[in-house]
Amino acid sequence: MSAPVPLEVGITRSAGSPAAGKRVLLAEPRGYCAGVDRAVETVEKALEKHGAPIYVRKEIVHNRHVVETLAERGVVFVEETDEVPEGAVLVFSAHGVSPAVHASAAERSLRTIDATCPLVTKVHQEAKRFARDDYDILLIGHEGHEEVEGTAGEAPDHVQLVDGPDAVDQVTVRDEAKVIWLSQTTLSVDETMETVQRLRAKFPLLQDPPSDDICYATQNRQVAVKAMAPECDLVIVVGSRNSSNSVRLVEVALGAGARAAHLVDYAREVDPAWLDGVRTVGITSGASVPEVLVRGVIDLLAEHGFADVQSVTTANETLVFALPRELRSARRA
C-alpha cells in the first residue's frame with residue numbers, strides 16, 4: 001500500500017476568482033477513506049464469491065445509504081454472532097471486534113472474514129502490547145461505540161474509557177509511572193488533545209501512543225473543514241448520525257468559524273430555510289459516505305442558485321489497503 005500524503009499540502013482552489021454571488025466550497029478530501037473502501041468492497045466480493053445471504057455483524061460502516069444498498073443485495077446485518085446460522089459466512093465490520101466475538105464465531109463454526117480497518121487493528125495491537133507490559137491504558141473514545149468496545153475487549157483488565165475531557169476527574173491508575181493513552185480513530189483531533197492535556201496535568205508521566213491513533217482520513221477531513229469554515233455562512237456535512245467522524249465534522253466546522261453547520265444523510269434533508277441570507281455554503285462528507293450522496297447535495301444547491309462550485313484542497317490521499325486474504329484474488333481492477 002502507498003504511504004499517506006502529509007496532512008497539509010496547502011490550500012488550492014479551482015480556477016477562477018470567487019464569484020460575487022452564491023457559491024459552494026467543496027472540501028477536498030472528503031468521503032470514503034481507505035478503510036471504508038476496503039470494508040465495503042469486502043462485503044461486495046464476499047457476495048460475489050459465496051452468494052447471498054452474507055451476514056455482517058453490526059453495520060459494515062456507519063452510513064445508512066451503504067447499509068440499505070447492501071441489504072437490498074442480500075446482506076443480513078445482525079447485532080451478535082448467535083443470530084447467524086451455524087456454518088454461514090460472517091463479515092466483521094470496519095470498526096473491529098473483541099477476542100470474545102472471534103471466539104463466539106468460532107464456536108458456531110462461522111466462516112469469518114475480518115473487514116476491520118487496519119488502522120483500528122493497529123490500536124488493538126497497541127492495547128495488547130501495553131497490557132502485556134502491565135500498563136494502565138486510558139482509551140479516549142465514546143462509550144458504546146463499536147470501535148471502543150472492540151479495542152477495550154483486547155485488554156479489559158487494563159483499559160479505562162475516558163469519554164472526553166470532563167471524564168478525566170474520575171480516572172484512577174495503579175502506578176502513575178506506567179500509564180499510556182490510546183484513542184478511538186474517528187475523534188476530533190482538538191477535543192482529543194484537550195483530553196490528553198487534562199490527563200497529563202493529572203498524570204505527568206503519561207505516555208503517548210507509539211504512533212498517532214486518530215486516522216489520517218479523520219484528520220484530513222477536519223483540516224479541510226477548518227480551512228473553509230471561516231468563509232462559510234453554512235456548512236453541510238453529508239453523513240449519518242451514528243458516524244462519529246461525521247458528527248465531529250459538524251463540531252469542527254462550527255468551532256472553526258462557520259455560522260451554521262448541519263448533518264444530513266441525503267439532499268432531501270436539507271431545509272431550504274437554512275439557505276436564507278446565505279452566500280457561501282461549504283460541503284464535506286464523512287469517511288463512510290459515497291460520493292453520489294455529495295453530488296445530490298451539490299445538485300440541490302444548484303437549484304437554489306449555488307452553481308459556482310470551488311474546491312478547497314488541503315491534502316491528497318493515495319492510501320489503499322489490501323482486501324482480507326480470503327478475497328484478495330477477487331480484487332477489482
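Here the structure is a predicted model, which means the values were calculated and not measured.
Considering Glu146, Glu149, Glu79 in turn, Glu79 is the only one that fulfils the side chain to side chain donor-acceptor pair (under 3.5 Å) rule with Lys58.
A distance-only check finds no donor-acceptor pair linking the side chain of Glu154 to the backbone of Gly150 [under 3.5 Å]. Checking side-chain atoms of Gln222 against main-chain N and O of Leu187 turns up a donor-acceptor pair under 3.5 Å. Within the 3.5 Å criterion, the main-chain N or O of Val123 finds no donor-acceptor partner in the side chain of Lys128. Looking only at distances, no side-chain donor or acceptor of Arg38 sits under 3.5 Å from a matching main-chain atom of Cys117.
Listed by chain and residue number, nothing satisfies the ring-ring contact (aromatic ring centres under 6.0 Å, His included) test with His50 (two or more places apart in sequence, or in another chain). Qualifying side chain to side chain donor-acceptor pair (under 3.5 Å) partners for Arg200, counting only residues two or more places apart in sequence or in other chains: Asp208. Residues satisfying the ring-ring contact (aromatic ring centres under 6.0 Å, His included) test with His142, not counting sequence neighbours, are none. Listed by chain and number, the residues in a ring-ring contact (aromatic ring centres under 6.0 Å, His included) with Tyr32 amount to none (sequence neighbours excluded). Residues that satisfy the side chain to side chain donor-acceptor pair (under 3.5 Å) test with Asp213, not counting sequence neighbours, are Lys122. Take His145 and apply the ring-ring contact (aromatic ring centres under 6.0 Å, His included) test, not counting sequence neighbours, and it matches His62, His95. Under the side chain to side chain donor-acceptor pair (under 3.5 Å) criterion, Ser246 pairs with Ser243, not counting sequence neighbours. Glu80 pairs by the side chain to side chain donor-acceptor pair (under 3.5 Å) definition with Arg57, not counting sequence neighbours.
Residue Glu143 qualifies as open at atom CD: its count of foreign heavy atoms under 6.0 Å is 12 or below.
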- [ ] Could you check Leu26 against Val294 for side chain to side chain contact (heavy atoms under 4.5 Å, CB included), going step by step and ending with a plain yes or no?
- [x] CA-CA 10 Å; Leu26 188 59; Val294 175; 4.1 Å; yes
TODO: Apply the test salt bridge (charged side-chain N to carboxylate O under 4.0 Å, His left out) to residues Lys202 and Asp169: give CA-CA distance (whole Å), side-chain angles for both, the deciding distance (0.1 Å), then the verdict.
DONE: CA-CA 8 Å; Lys202 186 171 184 177; Asp169 290 343; 5.4 Å; no
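Among pairs with a residue in residues 282-292, those fulfilling side-chain hydrogen bond (donor to acceptor under 3.5 Å, both in side chains) read Arg30-Glu291, Glu291-Arg295, at least two apart in sequence or across chains. The list of salt bridge (Lys or Arg N to Asp or Glu O under 4.0 Å) pairs with a residue in residues 178-197, not counting sequence neighbours, reads Asp190-Lys226. Applying the salt bridge (Lys or Arg N to Asp or Glu O under 4.0 Å) test to residues at least two apart or on different chains, none of the pairs has a partner in residues 84-105.
Salt bridge absent: Asp265 and Arg241 never bring a charged side-chain N and a carboxylate O closer than 4.0 Å. Between Glu251 and Arg248 a salt bridge is recorded (basic side-chain N to carboxylate O distance below 4.0 Å).
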Compile the donor-acceptor pairs under 3.5 Å between side chains in residues 130-141 and protein atoms, sequence neighbours left out, one pair per line.
| from | atom 1 | to | atom 2 | distance (Å) |
| --- | --- | --- | --- | --- |
| Asp134 | OD1 | His158 | NE2 | 3.1 |
| Asp134 | OD1 | Arg174 | NH1 | 3.1 |
| Asp134 | OD1 | Arg174 | NH2 | 3.2 |
| Tyr135 | OH | Gln207 | NE2 | 2.9 |
| Asp136 | OD1 | Arg174 | NE | 3.2 |
| Asp136 | OD2 | Arg174 | N | 2.7 |

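Taking hydrophobic clusters as Ile, Leu, Val, Met, Phe, Trp and Tyr residues chained together by side-chain heavy-atom distances below 4.5 Å, Leu327 does not share a cluster with Leu90.
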